2 protein chains.
Amino acid sequence: MTSAPNSLLADLAGELGASGVLVGADINARSHADSTCIAACAPRAVLRPRSTAEVAAVLRRCHAAGQPLVVQGGLTGLAGGATPRPGELALSLERLSGVEAVDPDAATMQVRAGTPLNVVHEAAAAHALQFALDLGARGSCTIGGNIATNAGGNRVIRYGMTRELVLGLEVVLADGTVVTSLNTMLKNNAGYDLKQLFIGTEGTLGVITRAVLRLHPLPRERLTALVAVESFDALVNVLREARATLAGQLSSFEAMWSEYFELALARVHTGAAPFTARHALYALLEVEAFEPGAEATRLEALLARLIEAGLVADAVVARSLEESARLWRLRESVGELLAELRPLTAFDISLPIARMAAYLEVVGARARTLFGDRPLYIFGHLGDGNLHLVVTLRAAGDAHAVDEVVYGALAGFGSVSAEHGIGVLKRDWLGLSRGAAEIALMRTLKSALDPRGILNPGRVL
Amino acid sequence: MTSAPNSLLADLAGELGASGVLVGADINARSHADSTCIAACAPRAVLRPRSTAEVAAVLRRCHAAGQPLVVQGGLTGLAGGATPRPGELALSLERLSGVEAVDPDAATMQVRAGTPLNVVHEAAAAHALQFALDLGARGSCTIGGNIATNAGGNRVIRYGMTRELVLGLEVVLADGTVVTSLNTMLKNNAGYDLKQLFIGTEGTLGVITRAVLRLHPLPRERLTALVAVESFDALVNVLREARATLAGQLSSFEAMWSEYFELALARVHTGAAPFTARHALYALLEVEAFEPGAEATRLEALLARLIEAGLVADAVVARSLEESARLWRLRESVGELLAELRPLTAFDISLPIARMAAYLEVVGARARTLFGDRPLYIFGHLGDGNLHLVVTLRAAGDAHAVDEVVYGALAGFGSVSAEHGIGVLKRDWLGLSRGAAEIALMRTLKSALDPRGILNPGRVL
């Protein structure tokens, strides 16, 4: 790894202006890392280009100098991918921000990479449209980071992951070449679909500077229901029935196991508890309604039928936006809750629903043997086969032993990363989810696109 | 280009057995080309591997010998990509066929690449599931070809293109390396999503041997309606209203301009004409119903409202499966109709709906100037921004002049291929839809994955 000589920083300041290259005291107050427990070091400098041309100039010069960079969006990733490593410059997209155009007829939006997700939401809503990606960090994450990590979130069951919501990209390659591929069409089979190279590759193959997003109609209202069940089997049956009955309108199905639910209820819930009794598991359902009344009737009939059939122990449907927000807060306050539980280690795994019950039994038993009665907090996007597990630690150093339990039991049928990516935190476990030939092909791509290895080195691979 | 010496064919026969290498009289009776007007030549031999290991053996030997291959599925592509060029061997996946597993809980299916699409449909339906890709060639196209070309078809408006329906792939690279990436999970961000390299790259980067497909619930019934309108504006409004009201359940919105509709009505329709009067444009709508009654009521109310508002001139809703099939036949008999119109040239373009009316006016005017009153047949997947245009020619040699009219007017905002790919037929026009940096990056990928250029050389690039 080459260090950044002062001459490179001077050249970069020449390209970006003085405010475009922060060093020393100017960067001490900044956050340099996401909220994982990875030790953060300050980068040698923070580069803040204002345009694609400036990003290209930065990469051209760093490529020539063999200077490694870490690309930073909103620093809300949870895999350590944006955390600087020694000797790196940080390339922040914070000044390459803003919505450039909305085409309401085509239901598309062109946006700069550093734009926060909630700004994208607001710009879409102004045209009675929605950008369907949604997640708790919406106020601080950036669309560029969302795309680079192929973010999932709360509505994957209805709209897919970020990959399915991106039509075109503008990207700067490691050597400074600008690849403008700002497709606006739903269908375009004219040659290779190059954007796929950059979605979900965590900034290792190029720097995303602009995107064309696919928008969807904004529903008239979002109906929220919380259901309580007494077994995992019942929960799976509720999911099946909800999908069959609500079909295309079911936009979230968020599961919460009782340990997590009780914690959230105790710490962040306001007002009366939704249920009088305790239950084994809970699910938060969101249904998008495009016509007044019809979906609400359908949802209430479904819940009544499931209670009648003994599958659902209890259920509430939010009667107001405020009540809906209170229910969602139980699921979305994870960040806050986790801050209180440190040190901890958090997982984002994917596995077939049919294997979840057996998997959780194995992990629970091993965890009890190894770590006694420290609770395992479990929640996640059940409809997508995506669970989040949180384990509190005695000390940060215990994390590896917990990793071995959680990942070890997944080998051969699950993924060590459903929606957060590999970053540096899960790099050692990549081989559990991907074969040698797959990893070799990833390296072939990395060498072809970034032969000097300057972009996010050591992330993913 | 190296020719295939007899020793290579002998080695391949050693790998595949005598029935695995067809030459001479054994291949004369076979079709070698898709139904485009590209001159077909017989390949030196047709290779018919029965397993992934045999595909790997073929590629290893051809890679070593520098022997070019053309990969063949069902020969239903319409861009000439599977048509052999002089000196090539044909690699047919016809014996690597069959459904390997269906997981009804996870709604996934593992299938061999040579399996016909309708076999996939039937295997899914046996579990009350559907594989949502559907197109007229369903009885002869193969899933491997569908994936390699990222096929579109009739339900893109609801389920997306093939890319969105594939979870995992097994692929053999040009040098014979087998990359097994048979992911079964909806969410898997563990490293680069390698399958994206092979979906829609038309066999130029690897040979697909197996796939894991994403299935969806099979609707209880499919409702079909045919509506007639008097202007393109009205058609766009009907689409907008149908999407808003039917939301997630609208699975097709197929537009037909009057010249095409009248031709289909005269040549393939049986029974009474759907409408007594002639109209300017028609749309075939399909709505998936998961509950008895509800969607039918919704659809009929929508149509009544649109007629009341003067947007729809007339409408029929199919009352039986037979009536539905009769309406679909008007749209799906394109192949038959085209056979009668040869010589012709057919287009598969993509452009924003907001620009379609102006575009068609320009193309129509130029076509009339150049080609007199030969009719322009227009139909397509309006909801996806995808139009098919068919122009009859005086002679096959006229095609280039027609290409210039149709593609020339698209430059800067449309795509020369929405769903059929580039193949060889549209290669000269790729630069109208993609920039120099994009094409250079495609070449970088091609060189990295197929350095000797043996896989489908001259296709796409």
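Just so it is clear, the structure is predicted and the values come from calculations on it, not from any experiment. Chain A is the first sequence line, chain B the second, and so forth, proteins listed ahead of strands; every chain is numbered from 1.
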Cut-off 4.5 Å, heavy atoms of chain B, and the answer for A/Met442 is both
The interface call for B/Arg158 against chain A, heavy-atom contacts under 4.5 Å, is side chain
Judged by atom type as modelled, is there a donor-acceptor pair below 3.5 Å linking the side chain of B/Ser350 to the main-chain atoms of A/Lys187?
yes
Indicate yes or no: at least one non-hydrogen side-chain atom of B/Glu438 is less than 4.5 angstrom from one of A/Thr180.
no
Rounding to 0.5 Å, atoms CG (A/Asn188) and CZ (B/Arg434) come to a distance of 6.0 Å
Okay, A/Ala244 and chain B: the region with an atom under 4.5 Å from a heavy atom over there is backbone
Under a 4.5 Å heavy-atom criterion, the part of residues 162-172 of chain B in contact with chain A comprises B/Arg163, B/Glu164
Honestly, the part of A/Ile199 sitting under 4.5 Å from a heavy atom of chain B is neither
Between A/Asn189 and B/Ile422, the two heavy atoms sitting closest are O-CG1, 3.9 Å
Worksheet item: Side-chain contact, heavy-atom cut-off 4.5 Å: A/Leu173 with B/Leu441?
Response: yes
For residues 173-201 of chain A, the ring-ring contact (aromatic ring centres under 6.0 Å, His included) pairs (sequence neighbours left out) are none
When the 4.5 angstrom heavy-atom criterion is applied to B/His381 and chain A, the contacting part is side chain
Honestly, the part of B/Asn386 sitting under 4.5 Å from a heavy atom of chain A is side chain
So, the part of B/Arg298 with a heavy atom under 4.5 Å from chain A: the answer is side chain
On a heavy-atom basis, the closest approach of B/Leu186 and A/Gly383 is CD1-O, 3.7 Å
So, the part of B/Val460 with a heavy atom under 4.5 Å from chain A: the answer is side chain
To the nearest 0.5 Å, atom CG of B/Asp105 lies from atom CE of A/Met356 at 12.0 Å
Assert top hit (heavy-atom pairs under 4.5 Å, partner chain B, pool A/Thr177, A/Asn183, A/Asp103, A/Leu197) equals A/Leu197
When the 4.5 angstrom heavy-atom criterion is applied to B/Ala440 and chain A, the contacting part is neither
